[in-house]
Amino acid sequence: MSETTKKNVYNPKEIEERYYKLWEERNYFEIEGNKSIQKPDKHFTIMMPPPNVTGRLHIGHALTFTLQDIIVRYKRMDGYKTLWQPGVDHAGIATQNVVEKQLLAEGTTKEELGREGFLERAWLQKENSQDAITGQLRKLGVSPAWSRERFTMDEGLGNAVKKSFKQMYDNGFIVRGNYMINWCTHDGALSDIEVEHEDHMGKMYHINYPLADGSGNITVATTRPETYFGDTAVMVHPDDERHNALIGKKIKLPLIDREVEIIGDSHVDMEFGTGFVKVTPAHDTNDYEVGKRHDLEFITIFDDKGFLNEHCGELQGLERLESREIIVAKLDEAGFMVKIEDHAHQVGHCYRCKNIVEPYISKQWFVKKEFAASAIEKVNNGEAEFFPSHWINSYNAWMGELRDWCISRQLWWGHQIPVFYCDDCDHEWVEEGDAPHVCPKCNSEKIHQDPDVLDTWFSSGLWPFSTLGWGNDEAFKGELWNEDDMKNFYPNNLLVTGFDILFFWVARMLMMGENTTGELPFKDIYLHALVKDEHGEKMSKSKGNVIDPLETIEKYSTDALRFTLAVLAVQGRDIKLSEDKLEQSRNFTNKLFNATNFLQLNQEHFDDLNPENIQTPLGKYMLSRFNLAVKETRGFMDVYRFNDAATVLYRFLWGEFCDWGIELSKADKASVAELGSIFKASMKLLHPFMPFITENLYRRLSEGELEDSESIMVQAYPEEAKVDEDIIKKFDLIMEAIVSVRRCKTLIDKGNQKIEKAIVLLSDINDKWMMKPFIEKLGKVENITIQSRNKITETILSKSFISDISDNLETYISTDDVDMSAIIGKLTKQKEKLEKEINKLNGMLNNERFVANAPEQVIVENRQALADASEKMAKVEGELKGFA
RNA sequence: GAUCGCGUAACUCAGUGGUAGAGUGUUUCCUUGACAUGGAAGAAGUCGUUGGUUCAAGUCCAAUCGUGAUCACCA
């Protein structure tokens, strides 16, 4: 039989698309989607981290959106007016790079298209990518309020950016100035965290600088010889007795003969290198500080594209990275190169294009680090809480060492900085409304806007409230947001995202939210780990270990993928995703599917759960187990322990409901109707994790199709209810008896067969008439005798019985009626075989010549084999003795 | 260098001071009327190491070893 035509196998494909479409059409995802079960004044807000409009979803997105959807569906079913805000991010550098590559492939460039033409292409990319991404999100079964979908560059959010920029500018938190910044010759200015430092095996070049008075040479060591054109000093440690006498003297830079002074500065590490350090204030962060301290000249030696300039003599016009070899060769030729050693160090790369980043002096816009102060304080006062809690350490460490945040970017794609300059009177002002035509100070029409755009994270930082209408003016009001959104949905309740963007995004939202609205933007911050492959390796295209969420859905179903991600989402631990785990979840869906099949063998439809209608002992038992599962699931959900909640559901549904509930119901048909109701309620409990199959099975067990009934997703989430400890105790005993009987039967090789009689001894036999049929049915015994412990012992001892003794009871099976000869025969045969084996091995190992000549490994193996055989022998003999 | 994780069964991992747990794998058995993507019964653990706190430690504290991540660095 082929895969697809197999009987009794759950087929998710036909329902997923159909259900999703219905849910969305009925507006279930919207803030009033659960209106019929909404409780007064209960709101729940969570912002979707907007995916970049650069491409497709990866497995990390699947994780983060699955976890968010689980919480959102839970809260929605629990009666909260729920807003899960969707949207996408314009992702300045990343998107611009994608579009540039497209243009390159078409044989053109952004310069040829011009700014406006280029932006048209970028908008096209945005449209295509947004369609792809939201389509993929729908396949994941997630339930954000699609009608409110935003884009970080839509008109309303653009207004919010201008408004908050002005606010920050007016408050002195945004300034413009010449700073030493991180410069990518491809992407322009970067903030500190957009630079990735990577280990690099480079060289340490020792270069002679001749003293200007001709009295000799000093030797400096550098990893970047090409920067010597920008040297404006050489420094030594003032306490360095080897060299400090030279302070105040001058040296002549090789080849270009420019003279610079030897200065003393305690920044120098006397232990390292030669003790002489070349100082290049315009191209090194430390040297920049030294330069300021000593009032040195700042010589910039290459332009913003990285080409050497007039300060570099005959090397002018070369690209900075290409120039190194040439300079080294020339210095060597002229006799200035002393030696070149291998040297491991760290080199900064652009996080988007991997280009080597340069420290570079440039005039840019900055957010002052003081902007973070109140957000640091409030988070530490407990006004926001991290899950797992240890992330507050990283937050504090980073926020505490914050430097001014460079927010201007030399890009075209993004929010253009709302600052205008007057070409006539040099007036500079921020415009939060429409673009002005004249200078407000001198009325000149010769004005221009700053050509740069803002760092993407500036607008993302406003996301928790700009999407609620803050600063939007009238744009999309009543359409994408409502008047009272800020009141109802701000601060947000929860943020879920990967720990890798704690600094990029979370920290920025906290400081921008705090300063802009006076409140932290959210209460709980759940940071999940990254999805790795089954060996714990990071996924990457080059390694070929990427797991594609859509392929996975195709193979295992959306529910299986979601459940797998949830069950692996342990706080603070990487998620190692593997086919094995996905298979396990798929098997789980199949188990649920077949449980439904079983229930429907008995009756077609079942009532929704009403505890008062649960009357049979088994029904009451399963209800109590269900109530326990409700309590645990809710408890774990409330502290974002997705793995624990998922495990509880798995254990309850498979280990308790199917393995025991269904099996026991075969001995009590009257309980099946009750189990059906409990199963339907369990589908509600599981729904946030596996939305599709739960809807499907719930539907099958109820009257009517989804097309003409209310979805499971807007029904009340099961509430905690009383657990009947007494009935649990009774069934624990029943199950213990069944296991004991089965164990006993295994001893006589009748594990799977029905036997005539067995005796179970208990201390309390009050409920024996209730217990009897269950034990008989599941233990496969025609007639179970349940007796009080003290009475029967003597009778049993007088006959031949085998026994099993467990914590609370004893089971006896007579061997009189059983043909023991077969078992004894089997065991005897086994015994003989083992005897032969042991004799053979003993013979070999006692043979001196064997021990002396055989390879060590063979001897070890034989010894082990002997030990194993002896152990088995002891067991077999023990069993035979029992039958004697 | 600083900070933060992690170390528990063969593997992947839960474990919230109170008798060591799950899934997978493994051994034996079972096509038993929901399910072989299944069922039954088992075997399997010096909880990294050493100290300490406690009536009680896998759990709390200290040290140490191994391992990973993040941040910061020396030209």
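- Ion pair A/Glu341/A/Lys339 flagged as a salt bridge, since at least one NZ, NE, NH1 or NH2 atom sits closer than 4.0 Å to an Asp/Glu carboxylate oxygen.
- For the P atoms, the distance from B/A22 to B/G42 is 12 Å, rounded to whole Å.
- Checking B/A34, B/G38, B/A75 against the side-chain heavy atoms of A/Trp654 singles out B/G38 as nearest.
- Among the protein residues, A/Lys754 comes within range of no part of the nucleic acid, since none of its heavy atoms lies under 4.0 Å from any strand.
- Spacing between B/G1 and B/U59 at atom C1', rounded to whole Å, works out to 31 Å.
- Per the geometry, CG belonging to A/Leu568 stands 14 Å off C1' belonging to B/C11, to the nearest Å.
- Between A/Ile193 and A/Thr285, the residue anchored closer to the 5' end of RNA chain B is A/Ile193, taking for each the nucleotide with the nearest heavy atom.
- Using a 4.0 Å cut-off between a side-chain N of Lys or Arg and a carboxylate O of Asp or Glu, A/Glu579 and A/Arg586 do not qualify as a salt bridge.
- A/Lys780 comes within 4.0 angstrom of a nucleotide base, judged by non-hydrogen atoms across all strands.
- The partner of B/C74 is absent, by the rule that a Watson-Crick or G-U pair needs both atom distances under 3.5 Å.
- Of the two residues contacting RNA chain B, namely A/Ala595 and A/Met270, the nearest-nucleotide position lying further toward the 5' end is that of A/Ala595.
- Within 4.0 Å (heavy atoms only), A/Glu663 reaches at least one base atom of the nucleic acid.
- B/C47 sits 33 Å from B/U37 when the C1' atoms are compared, rounded to a whole Å.
- Residue A/Leu502 is out of contact with every strand shown, counting any heavy-atom pair closer than 4.0 Å.
- A salt bridge links A/Arg324 with A/Glu226: the distance from a Lys NZ or Arg NE/NH1/NH2 to an Asp or Glu carboxylate oxygen falls below 4.0 Å.
- Closest to the side chain of A/Gln346, out of B/C13, B/A34, B/A72, is B/A72.
- Note that A/Arg625 lies outside the cation-pi zone of A/Trp660, set by a 6.0 Å cut-off to the ring centre and a 45° limit from the axis.
- When heavy atoms are screened at a 4.0 angstrom cut-off, A/Asn393 is found touching the sugar-phosphate backbone but no base atom.
- Within a heavy-atom distance below 4.0 Å of RNA chain B, the residues of residues 571-580 of chain A found are A/Gly572, A/Arg573, A/Lys576, A/Asp580.
- The side chain of A/Lys591 sits closest to B/A34 out of B/A34, B/U16, B/U37.
- Between the side chain of A/Ser389 and the backbone N or O of A/Glu385, no donor-acceptor pair lies under 3.5 Å.
- For the pair A/Lys680 and A/Phe606, the NZ or CZ position fails the cation-pi test of under 6.0 Å to the six-membered ring centre and within 45 degrees of the ring normal.
- Distance from the side chain of A/Asp644 is smallest to B/U16 among B/C71, B/U16, B/A34.
- One P atom belongs to B/A10, the other to B/G68, and the distance between them is 22 Å to the nearest Å.
- B/G52 and B/U27 have their P atoms separated by 44 Å, with the value rounded to a whole Å.
- Within 4.0 Å of A/His343, counting heavy atoms only, lie sugar-phosphate atoms of the nucleic acid but no base atom.
- Proximity of a side-chain donor or acceptor of A/Glu736 to a complementary backbone N or O of A/Asn808 within less than 3.5 Å is detected.
- No salt bridge links A/Asp533 with A/Lys576; every basic N to acidic carboxylate O contact stays at or beyond 4.0 Å.
- The distance between atom CZ of A/Arg641 and atom P of B/C13, rounded to the nearest whole Å, is 16 Å.
- In this structure, A/Trp398 and A/Phe503 have parallel ring planes: the angle between them is below the 30° cut-off, well short of the 60° mark.
- Taking atom CG of A/Asp500 as the reference point, atom C1' of B/C4 lies 16 Å away to the nearest angstrom.
- The nucleotide B/G38 finds its pairing partner in B/C30, both defining distances of the Watson-Crick or G-U wobble pair being shorter than 3.5 Å.
- If you check every strand for non-hydrogen atoms under 4.0 Å, A/Phe636 touches a base.
- If you measure from atom CG of A/Asp659 to atom P of B/C35, you get 14 Å, rounded to the nearest angstrom.
- Rounded to an integer number of Å, the gap from A/Glu632 CD to B/A22 C1' is 14 Å.
- When heavy atoms are screened at a 4.0 angstrom cut-off, A/Asn286 is found touching the sugar-phosphate backbone but no base atom.
- Note: A/Phe588 and A/Trp654 have parallel aromatic rings, judged against thresholds of 30 and 60 degrees for the angle between ring planes.
- Of all nucleotides present, only B/G52 satisfies the Watson-Crick or G-U wobble test against B/C60, with each distance under 3.5 Å.
- Of the side-chain N and O atoms in A/Asn594, none sit less than 4.0 angstrom from OP1 or OP2 of B/G38.
- With rounding to whole Å, A/Phe386 atom CZ is found 16 Å from B/G5 atom C1'.
- Base pairing of B/C4 is made with B/G68, judged by Watson-Crick or G-U wobble geometry with both donor-acceptor distances under 3.5 Å.
- Between B/U49 and B/G58, the distance separating the two P atoms is 11 Å to the nearest Å.
- Using a 4.0 Å cut-off, no side-chain N or O of A/Arg743 falls inside it from OP1 or OP2 of B/A40.
- Residue A/Val739 is classed as a sugar-phosphate contact, given heavy-atom separations below 4.0 Å to backbone atoms only.
- Pairing for B/A9 is absent, with no Watson-Crick or G-U wobble pair whose two atom distances lie under 3.5 Å.
- A/Val279 comes within 4.0 angstrom of no nucleic acid atom, judged by non-hydrogen atoms across all strands.
- Between B/G42, B/C29, B/G23, one nucleotide has an atom nearer to the side chain of A/Asn752 than all others, and that is B/C29.
- Using a 4.0 Å cut-off, no side-chain N or O of A/Arg742 falls inside it from OP1 or OP2 of B/G39.
- For the pair A/Trp391 CH2 and B/C6 P, the interatomic distance rounds to 12 Å; values are reported in whole Å.
- Separation of the C1' atoms belonging to B/G38 and B/U31 is 10 Å when rounded to the nearest angstrom.
- A tilted orientation is assigned to the rings of A/Tyr395 and A/Phe386, their planes being inclined by 30° to 60°.
- Taking atom P on both nucleotides, B/U50 is separated from B/A14 by 24 Å, rounded to a whole Å.
- Across the protein-nucleic acid pair, A/Leu582 atom CG and B/U12 atom C1' stand 13 Å apart, rounded to whole Å.
- Nearest to the side chain of A/Tyr650, among B/G23, B/C30, B/C35, sits B/G23.
- Neither OP1 nor OP2 of B/C35 sits under 4.0 Å from any side-chain N or O of A/Asn587.
- Between A/Lys581 and B/C13 there is no side-chain polar atom (N or O) within less than 4.0 angstrom of OP1 or OP2.
- Looking at the side chain of A/Phe272, the nearest of the listed nucleotides B/A75, B/A34, B/A72 is B/A75.
- For the ring pair (Phe, Tyr, Trp, His ring centres under 6.0 Å) with A/Phe642, the lone residue among A/Tyr526, A/Phe636, A/Phe387, A/Phe689 that qualifies is A/Tyr526.
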